[in-house]
Amino acid sequence: MPETRVGVIGAGYVGLTTAVCLASLGHPVHCTDIDTAKVAALNRGRTTLDEPDLSDLLVEGLAGGRLAFGTDPAALGDAEVVLLCLPTPMSADGGADLGAVHAALDRLGGLLAPDAVLVTKSTVPVGTTDRLAARLDRADVAVVSNPEFLREGHTVADFLHPSRILVGAHERRAGDRVAALYAQLAAPVVRTDPASAELAKYASNAFLAMKASYVNGLAELSERVGADIADVAATMGLDDRIGPAFLAPGPGWGGPCLPKDVSALVHAGRGVGLDLPLLRETLRANETQRRRVLDKIGAAVGGPLHGVRIGLLGLTFKAGTADVRDSPALAVAGELARRGAVLTGYDPAARAEDLPPRCPVQLVDDPYLVAKDAAAVVVLTEWPEFRALDWPRMAALAEQPAVVDTRDVLDRAALTGAGWSYRGIGRSAQPPAPGTGW
Ligand code: UDX
């Protein structure tokens, strides 16, 4: 297998996963990050990212001498392919903030080896790859778009077993060199131009968000007409043209990617005089969903929220990650606190130091403590272990046994049997008639 000397800039979820996985495929990889403490820890084989298999591959790569970390971009001077894996957060106008990408490019520009290929792996607005090429201004260095599709909590598996590999390049040879990095992976390779690759990434994430918003709307309708969203969604998902993923209702979708990507796509449309009403509505529906959740919590408490204790189960933006960035759970918590509620929260993975400054939730390390004297317990993240809690014990601790299950993860029959008043999303307090389901 031909090896490529790879440079990776940025050791976050995407960069670190990319670095360790490319090393595991046999490429020599040097990964840089501006965080000296993180680099030192990584060189000792330690990562705070709790991604399955990441730590093992990191240790293997270091031990095999195929992987190293540093802070000096000059170390990338002999790399044949350099991948930019930097954050592109949402800027104030809803667009993508390319500050980190520009800063890295400006530091790197003159250092790149003759004939190197620079790759945008970060999600960047359409046209960015070409604009970076112009900013770099090196006729001998091609800039290629190669977006990732990694889900947090599954980054290594998604990297090594991708649904597709996407390469957007003007020059075939530069595209070939990027595609060659992944030659051992069994996945369809889409070869296109940079603008199509950039747009395809945004389009995929925005479609997922739209799907989730659609299901949240159907969940509300289900409640009103006496249907059960789980059965509705399962039926839809069995149609190959729809597929079962992203059909779970919840408190609204969040995380570091979907919200900023949908906003960036709406912004991109505006930039060329195009309104994208489906996407605007996708965003608006997400706000509506959060309000619905707040209404349910208000109904569960049964009175004003001021001074009332509410227990929160789950703070991360989804299960299987410690990430709380743009978490729907924290958005709901913020609004509850604004209304005067006193909040206690438990999460199996979230770390206190990752919570935003002035976070109104008192983080506890025992799920039963969130029930203590609570007027309502609210499940905000779909951690499966919440289903297995001792709910009769939770009921005994609570001031009133009222639960709002915004992820439909609890056993509603068991809970109502244990004396809880149960409110889910798109479903009644009791399961449909016995014998139904599939
Ligand atoms: C997403 C994309 O899936 C991934 O391809 C891309 O590379 C990065 O962004 P991630 O941010 O890790 O990945 O989260 P994802 O699993 O997509 O979930 C996003 C949000 O949607 C979460 O808040 C999740 O709870 C919510 N969601 C997901 C639902 O509300 N319902 C669902 O059925 C699925």
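Order of listing sets the numbers, starting from 1, for every ligand and every atom in it. The analysis underlying the following values was restricted to heavy atoms, covering all of them including side chains, and did not include hydrogens, waters or symmetry mates.
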Next item on the list: Mind listing the closest non-hydrogen atom pair of Glu152 and Arg325 along with its distance?
Entry: OE2-NH2, 3.4 Å
Next item on the list: Answer yes or no for Arg164 and Phe149: cation-pi contact, defined as NZ/CZ to six-membered ring centre under 6.0 Å and angle to ring axis within 45°.
Entry: yes
Check: Arg135 pairs by side chain to side chain contact (heavy atoms under 4.5 Å, CB included) with which of Val143, Asp106, Asp130?
Finding: Asp106
Margin query: If we ignore hydrogens and angles and just use 3.5 Å, is the side chain of Ser122 paired with the main-chain N or O of Leu84 as donor and acceptor?
Written below: yes
Checklist line | Set of residues satisfying side-chain contact (heavy atoms from CB on, under 4.5 Å) with respect to Ser428, sequence neighbours excluded | finding: Arg412
Check: More than 12 non-hydrogen atoms from neighbouring residues, nucleotides or ligands closer than 6.0 Å to CZ on Arg46, yes or no?
Finding: no
Check: Near ligand 1, which protein residues have a heavy atom under 4.0 Å away?
Finding: Glu148, Phe149, Leu150, Arg151, Glu152, Lys201, Asn205, Leu208, Phe246, Leu247, Ala248, Trp253, Gly254, Cys257, Leu258, Phe317, Lys318, Arg407
